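A short worksheet on the structure shown next.
Keep in mind that this is a model prediction, so the values were computed, not measured. All residue numbers refer to positions in the sequence shown, counting from 1.
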Amino acid sequence: MTWMIYGANGFTGRLVADLAVERGERPVVAGRDPGKVAAFAAPRGLESRIFDLSEPARVAEMLHDVDVVAHCAGPFSATSAPMVEACLRSGTHYLDITGEIDVFESIFARHQEARDAGVVLLPGSGFDVVPTDCLAALVAAELPGATSLDLAFQAGGQISPGTLKSALEGAALGGRARVGGELRTVPLAWRRREVAFPSGPRQVTSLPWGDVATAYRSTGIGTITTFTRLPLPEVGDGLSKLGQKVLGSAPVQRAGKAAIGAFVKGPGRATRQHSWVEVYAEATDDGGRSVSAALIGPDTYDMTADSVLRAVNALAAETPEPGAHTPSTAFGPDFIRRLHGVKIIEPA
């Protein structure tokens, strides 16, 4: 199998590539900056390719002998569509590490094209959204008549520049939830609740997360809310009052992304070794019955690198049906059990 990491000089792309080399794999590394890509590839003895995403036909040429591309160059709102188009033209399986709701929706809308091309499209192959998606599928299987689903997480550690830039874009769109099968815009922090994380009960606040797109496809449950634990209760209210117009203005977006690029660095190995994540899922039916499950895992970036590598190899070995997939529809909800350092608290 020949596979490629596009965006290998970015923070998460580097983690994926280094873990691949550590496990004896030889991915092709690619990106648009010749100096940065070459500086990364040469000391690792990896093949490199240089191209941007402005012309899908040219990108398809660069993918002509590539079986799977792991797309790690965000923000995916700008980069996913041309890479998906190139993969459909070249017959290359696609996966990415997005958590952006509208990116998921746009990729799912190309399901039939992917089927016709014999291609698997698998967005959200990292922390966004493998653990939440698989837990959602696990609890839904235990309660087939479930009509609502709550998903929550809390994490320790730092955030990479790419994740922050995507979060800045997402904040401008306001809150999102799945209600009665429809994707709706809701106020930021529109719901709060307590959930039973493995470390103990915590108050969490709703936020827009990729599972309002993916878990609907994985479970068929029509009402889905996603939550996280914020550092202070008033943070959610503050964000809500700040206003989407201010966050969404072009000058604020440009200035914010420039500042992130200049001052934010991703977490180093020592920091990641002491980081962790907990995820909680709860499905409920109209009779008030509920089923919940949880997991404990390692640092979210290390989990992402591990998950991407396992997904790349699973695409080659397990050959899911062509089309647009979530992690659990591609490989089953037990895919999460394959990841290093993950402990499941079984559905109950």
Side-chain donor-acceptor pair present, T226, D211, cut-off under 3.5 Å: no
More than 12 heavy atoms of other residues, nucleotides or ligands under 6.0 Å from CZ of R32: is that the case? no
May I ask you to check whether F331 and H325 place their ring centres under 6.0 Å from each other? no
Got a salt bridge between R338 and D306, using NZ or NE/NH1/NH2 to carboxylate O under 4.0 Å? no
Taking it one step at a time, do R191 and D150 satisfy salt bridge (Lys or Arg N to Asp or Glu O under 4.0 Å)? CA-CA 11 Å; R191 284 185 59 195; D150 283 357; 3.0 Å; yes
Just checking, any donor-acceptor pair under 3.5 angstrom between side chains of T98 and D96? no
Would W209 and F153 count as a close aromatic pair, with their ring centres under 6.0 Å? yes
Does a side chain donor of either S218 or S328 reach within less than 3.5 Å of an acceptor in the other side chain? yes
Would you please say whether a donor-acceptor pair under 3.5 Å links the side chains of Q154 and W276? no
Please find the pair of heavy atoms, one from A311 and one from F335, that lie closest to each other, and give the distance. N-CZ, 3.9 Å
If you count every heavy atom of other residues, nucleotides or ligands that lies below 6.0 Å from E321 atom CD, does the total exceed 12? no
Would you verify whether the NZ or CZ of R14 falls within 45 degrees of the ring axis of F11 while also being under 6.0 Å from that six-membered ring's centre? no
Look only at the side chain of E100 and the backbone of S77, and say whether a donor-acceptor pair between them is shorter than 3.5 Å. yes
Where do M62 and D65 come nearest, in terms of heavy atoms and distance? O-OD1, 4.2 Å
Please work out whether the ring planes of H71 and F76 are parallel, tilted or perpendicular, with thresholds of 30° and 60°. perpendicular
Under 3.5 Å: donor-acceptor pair, side chain of S125, backbone of V308: no
Could you check whether R49 pairs with E47 (Lys NZ or Arg NE/NH1/NH2 to Asp/Glu carboxylate O, under 4.0 Å)? yes
Quick one: do D18 and R44 make a salt bridge, cutoff under 4.0 Å? yes
State, to 0.1 Å, how close D128 and G99 come at their nearest heavy-atom pair, and which atoms those are. OD2-CA, 3.2 Å
Indicate yes or no for a side-chain donor-acceptor contact from T225 to the backbone of A177 under 3.5 Å, with no hydrogens or angles considered. no
Do other residues, nucleotides or ligands put more than 12 heavy atoms under 6.0 Å from E182 CD? no
Shortest non-hydrogen contact from A114 toward L88: CA-CD2, 3.7 Å
Side-chain donor or acceptor of R217 paired with backbone N/O of A213 under 3.5 Å: yes
Could you give the distance from CZ (R202) to CZ (R229), rounded to the nearest 0.5 Å? 5.0 Å
Residues E105 and R178 bridged, charged N to O under 4.0 Å: yes
So that I can tick it off, tell me whether E25 and R310 are bridged by a salt bridge, with the cut-off set at under 4.0 angstrom between side-chain N and carboxylate O. no
Under 3.5 Å, is there a donor-acceptor pair between the side chain of S206 and the main chain of F227? no
Within a radius of less than 6.0 Å around CZ of R269, do more than 12 heavy atoms belonging to other residues, nucleotides or ligands occur? no
Applying the side chain to side chain contact (heavy atoms under 4.5 Å, CB included) criterion to L46, which one of V28, V37, V29 satisfies it? V29
Flag for D286-T147: side-chain donor and acceptor within less than 3.5 Å: yes
Salt-bridge test for E282 and R193: reply yes if a basic N is under 4.0 Å from a carboxylate O, no otherwise. yes
Answer yes or no: are there more than 12 heavy-atom neighbours, outside E55 itself, under 6.0 Å from its atom CD? no
For R176 and D102: C-alpha separation, side-chain torsions, deciding distance, then whether salt bridge (Lys or Arg N to Asp or Glu O under 4.0 Å) applies. CA-CA 10 Å; R176 310 285 286 282; D102 291 327; 2.9 Å; yes
